[in-house]
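Counting convention: from 1, in listed order, for ligands and their atoms alike.
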Amino acid sequence: MSRTGAPARLGEGDGGATVPRHLAIIMDGNGRWARGRSLPRVAGHRQGIEAVRRTVRAAGEAGVEVLTLYAFSSENWRRPPAEISYLMGLLTHYIDAELDQLHGEGVRLRTIGDLSAFAPEVRDRIDAAKERTAGNDRLTLVIALNYGARAELVGAARALAREAAEGRLAPEAINEDVLDARLETADLPPLDLLVRTSGEVRLSNFLLWQAAYAELYFTPTLWPDFDEEALQAALAHYAGRQRRFGGL
Ligand code: FPP
């Protein structure tokens, strides 16, 4: 299997794979969950944290190696300031409240996205959690924060241009694997399954390159209602797919 997700040779694919090594989730529908109960939007986010806890546990138990969660997109800054600061508070609260347990369960915490826009105290909490869990290897939990796939690709293009301009890389040597190695996900297994909750059917600038060969699964379940059963349904969908990577 090459880094870009397609098998190195046709016919060598993991068509028989049952559990995705790398699962990513666009956690959508918190606002609608709250509106359906006449609650403020932030109540949906608070409940969404419970779904994060359940899903991290269930994904680890199912044998998923990497779980990537889209927690805050580069477009989410357009939300009202009060909602943004509530989300930041939830994130730091989640890390504070869960770190011991995550660490005890062998979870390694990672992030993708540009953290420079976050308050120093939020960044410090995240950095400390990443450092403490760096040696764990049961499940890698990747939280996408201020992440946008196009910005990630622009960053990779810039890195390649810099290396070429400095004479360290021949333009002819640039291929899919070389570009892939400049992405933030470079050292993670290829994305196998991408789930989006809440019935919306779009990628919203999430892992666009990585999703090229991923199985896509859209469920009407709102994120705060996502539970082990919902995860099992997504995993069953994946297990039932024959991935052909363009072959027959
Ligand atoms: C989408 O629902 C959800 C978000 C933008 C935030 C997701 C964040 C969390 C669940 C909490 C933080 C996460 C971690 C990993 C600790 P929406 O508000 O767009 O819902 P709507 O489309 O129904 O309005």
Check residues 36-43 and write down every donor-acceptor pair under 3.5 Å in which the side-chain atom is one partner and the other belongs to a residue at least two apart or another chain.
residue	atom	partner	partner atom	Å
R37	NH1	W33	O	3.1
R41	NE	E83	OE1	2.9
R41	NH2	E83	OE2	3.2

message: Check for me whether R41 has a heavy atom closer than 4.0 Å to any atom of ligand 1.
response: yes
message: Quick one: does any side-chain atom of R150 pair with a main-chain N or O of N205 as donor and acceptor, under 3.5 Å?
response: no
- request: Determine, step by step, whether Y94 and R53 satisfy the side-chain hydrogen bond (donor to acceptor under 3.5 Å, both in side chains) criterion, reporting the C-alpha distance in whole Å, the side-chain angles of both residues, the deciding distance to 0.1 Å, and the verdict.
  value: CA-CA 9 Å; Y94 172 78; R53 287 198 178 101; over 6 Å; no
- prompt: For D28, does its backbone N or O pair with a side-chain atom of T197 as donor and acceptor, under 3.5 Å?
  reply: yes
- request: Of the side chain and backbone of R46, name the one, both, or neither that has a heavy atom under 4.0 Å from an atom of ligand 1.
  value: neither
message: Are any of the N/O atoms on N30, whether in the backbone or the side chain, positioned under 3.5 angstrom from an N/O atom of ligand 1?
response: yes
query: For D28 and ligand 1, does the shortest N/O to N/O distance drop below 3.5 Å?
result: yes
- line: Logged contact type for I95 with ligand 1, heavy-atom cut-off 4.0 Å, is neither
- prompt: Is a donor on one side and an acceptor on the other found under 3.5 Å between the side chain of R138 and the backbone of E105?
  reply: yes
field: Validation row: I126, V122 side chains within 4.5 angstrom (heavy atoms)
entry: yes
task: Check whether any side-chain N or O of N76 sits under 3.5 Å from a backbone N or O of I84 as a donor-acceptor pair, and report yes or no.
output: no
task: Kindly write out the residues that satisfy salt bridge (Lys or Arg N to Asp or Glu O under 4.0 Å) with D124, not counting sequence neighbours, or none if the list is empty.
output: none
query: Does the N or O separation between R32 and ligand 1 drop below 3.5 Å for any pair?
result: yes
message: Return the closest protein heavy atom for atom 1 (C) of ligand 1 as residue, atom name and distance.
response: M27 O, 3.1 Å
query: Does at least one non-hydrogen atom of E200 fall below 4.0 angstrom from an atom of ligand 1?
result: no
message: What I want to know is whether G31 and ligand 1 share at least one N or O pair that is separated by under 3.5 angstrom.
response: yes
task: Report yes or no: does a heavy atom of S198 sit under 4.0 Å from some atom of ligand 1?
output: no
message: Considering non-hydrogen atoms of the protein only, which is the closest contact for atom 6 (C) of ligand 1, and what is the distance?
response: A71 O, 3.5 Å
task: Check each atom of ligand 1 against the heavy atoms of N76 and keep those under 4.0 Å away; list them by number with element.
output: 5 (C)
Name of the residue among W77, F206, Y86 meeting ring pair (Phe, Tyr, Trp, His ring centres under 6.0 Å) with F72: W77
query: Under 4.0 Å from any heavy atom of R79, which atoms of ligand 1 are there?
result: 5 (C), 17 (P), 18 (O), 19 (O)
- prompt: If we only count N/O pairs under 3.5 Å, is W33 in contact with ligand 1?
  reply: no
query: Are the side chain of R32 and the backbone of S198 linked by a donor-acceptor contact shorter than 3.5 Å?
result: yes
message: Show the atoms of ligand 1 that are less than 4.0 angstrom away from any heavy atom in Y94.
response: 16 (C)
- prompt: Under 4.0 Å from any heavy atom of I49, which atoms of ligand 1 are there?
  reply: 11 (C), 12 (C), 16 (C)
